[in-house]
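Take a look at the structure set out below.
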Amino acid sequence: MSLNDNTENQLENGETQEVNENIVSSEIENNIEDNQNDSEIIPADETNAELDDTEESNADIDEGNSKAKKHKNRTLVVAASIFAVTALSFGAWYTFFNNDVSGVWATDVEFTDNSGNTKTAVMKFEFGNKEKMSFFDNEKSYFSDKESNSPSANMINGGRSWSGWYNKTTSDANENILQLYFSAYQSAYSYNYEVSGNIFSGRTLKLINGDEVMKFTQADNSYALDPDDDFKLNNGVVGEWNADGNIVYTFTKDGRFSEDTGNSKTEGTYNFGESDDGYDAIIVKYMYNGEVNTITIPYLLKGDTMTLTFNGYDVDLTKVVK
């Protein structure tokens, strides 16, 4: 028998249907009476009292949260105020009272060339924080890197620079003293120094040695000659070349050149041409004493070796493979 057949038989038997309806109605009435008897009627006054207690408890929680938030906000405000005052104090010191010599300083200096002509060049000092410096090793007769606790100093004249170190001290007369040492010259220089001005009006460094006063202004370290418009690229020359295990020559793809001896550096441009004798030559240009200097260097390239001829002397180079 299917579910549909069972439903049809029940609907045809009216008596069975009536009996079932009476049973269901009776059960519903009994359930209603039982529920009414089991239910407890709570007076309205007690219900309101419980609600009032709940509201007071919530109010106490809200007040506690509010106090915690206020305390947290006060803590944040105090911390922010301390930070702001510290930042303003440091900013004021850095702006108006900073007498640190670190950075790059430049001045115009007059030079006399071999022909007796007077020229004006830009001389720069760069005071940094590099700790590994180059010193002359008497036993090995060449410069080698050694650790130094003194910060670095570079003296820059156009495309040439000399590395060394500097030290700041104070004399018995409470004078500020700047000691300079450059490896290439194996000599130390001592100056009284003064730093004045601020970041708005400009800062000035004075190096004083008796009646001699050199006045520098703070400047950036941007300097470079532009490569020749007709620069010819030779990929065989491009890269780093090592000479005598100490001097490094660098030729870049865009026509820039540098020679780094460890205690001095020459930076400029290069191109290709011929020497007076008709040999293939590298033409190097760099700025020095206010003018562009040009050096013609005959060269012979054989794979990863290259020979440069300086004033009749050959220097053999080996390409640095990276």
Side-chain angles (χ1 to χ4, degrees), residues 101 103-128 133-134 136 143 152-166 178 180-191 193 204-229 231 243 247-252 254-271 273 275-276 281-298 308-313 315:
V101 300
V104 182
W105 305 84
T107 190
D108 290 337
V109 179
E110 291 186 348
F111 294 90
T112 303
D113 62 16
N114 295 330
S115 301
N117 299 317
T118 301
K119 300 181 182 300
T120 301
V122 177
M123 175 68 73
K124 293 183 180 181
F125 281 106
E126 179 182 15
F127 299 113
M133 304 306 302
S134 180
F136 188 78
F143 288 92
S152 65
N154 286 323
M155 183 169 59
I156 305 166
N157 180 340
R160 301 199 64 186
S161 61
W162 298 265
S163 63
W165 53 263
Y166 76 97
L178 185 67
L180 301 173
Y181 175 88
F182 296 100
S183 301
Y185 298 108
Q186 292 290 295
S187 299
Y189 305 88
S190 181
Y191 297 94
Y193 77 94
T204 300
L205 168 66
K206 290 182 180 180
L207 298 183
I208 306 166
N209 185 9
D211 295 332
E212 179 187 4
V213 178
M214 291 185 290
K215 183 178 179 180
F216 297 81
T217 56
Q218 201 155 37
D220 61 29
N221 196 26
S222 59
Y223 172 80
L225 284 177
D226 292 326
D228 295 342
D229 294 335
F231 169 68
I247 302 175
V248 177
Y249 295 89
T250 302
F251 300 90
T252 67
D254 60 354
R256 302 190 184 279
F257 161 83
S258 69
E259 177 197 55
D260 192 342
T261 67
N263 64 89
S264 66
K265 191 173 185 177
T266 301
E267 296 177 291
T269 65
Y270 77 100
N271 207 341
S275 66
D276 294 338
I282 297 176
I283 313 299
V284 172
K285 296 179 181 178
Y286 63 94
M287 183 70 73
Y288 182 66
N289 279 357
E291 62 182 3
V292 177
N293 288 257
T294 303
I295 300 178
T296 301
I297 309 171
L308 303 181
T309 302
F310 294 93
N311 298 322
Y313 293 94
V315 177

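Quantities reported herein were computed from a predicted structural model and do not represent experimental measurements.
Summarising the geometry, atom CG belonging to N157 is positioned 5.0 Å from atom CG belonging to N289; distances are rounded to the nearest 0.5 Å. Taken from CG in D229 to CG in N271, the straight-line distance is 10.0 Å, to the nearest 0.5 Å. Considering CG of L207 and NZ of K215, their distance stands at 13.0 Å, rounded to 0.5 Å. Interatomic distance, CZ of F231 versus CG of D226, reported as 13.5 Å (0.5 Å rounding). With rounding to the nearest 0.5 Å, the separation of OG1 in T107 from NZ in K124 is 12.0 Å. For the atom pair OH (Y288) and CG (D113), the distance works out to 11.5 Å, reported to the nearest 0.5 Å.
Counting all heavy atoms, side chain and backbone alike, A121 lies closest to G290 at CB-N, 3.1 Å. Of all non-hydrogen atoms in M123 and F111, the two that sit nearest each other are CE-CZ, 4.0 Å. The shortest non-hydrogen separation linking Y286 to I295 is CE2-CD1, 3.7 Å. The nearest pair of heavy atoms linking T269 to L225 is CG2-O, 3.5 Å. Here the closest non-hydrogen pair linking S275 and P298 is CB-CG, 4.0 Å. Here the closest heavy-atom approach between residue V315 and residue A243 is recorded as CG1-CB, 3.9 Å.
Put simply, the side chain of I247 does not reach to within 4.5 Å of the side chain of D260, judged on heavy atoms. For the pair V284 and I297, the minimum side-chain heavy-atom distance is below 4.5 Å. S163 places none of its side-chain heavy atoms less than 4.5 Å from the side chain of K265. Using a 4.5 Å cut-off on side-chain heavy atoms (C-beta onward), L308 and I282 make contact. Taking the side chain as every heavy atom from C-beta outward, F182 and N263 never approach each other to under 4.5 Å. Taking the side chain as every heavy atom from C-beta outward, L180 and F125 approach each other to under 4.5 Å. At a threshold of 4.5 Å between non-hydrogen side-chain atoms, the residues E267 and R256 do not count as touching. Within the 4.5 Å cutoff, side-chain heavy atoms of T118 are placed close to those of E110.
Around CG of D276, the count of heavy atoms belonging to other residues, nucleotides or ligands within 6.0 Å does not exceed 12. More than 12 heavy atoms of other residues, nucleotides or ligands lie within 6.0 Å of CZ in F310, so this atom counts as buried by the packing criterion.
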Run Y249 and F251 through ring pair (Phe, Tyr, Trp, His ring centres under 6.0 Å) and show every step you take. CA-CA 7 Å; Y249 295 89; F251 300 90; 7.0 Å; no

- Report the C-alpha distance between W165 and Y181 in whole Å, list the side-chain angles of each, state the deciding distance to 0.1 Å, and finish with yes or no for ring pair (Phe, Tyr, Trp, His ring centres under 6.0 Å). CA-CA 6 Å; W165 53 263; Y181 175 88; 5.5 Å; yes

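A side-chain donor-acceptor contact under 3.5 Å links D254 and T252.
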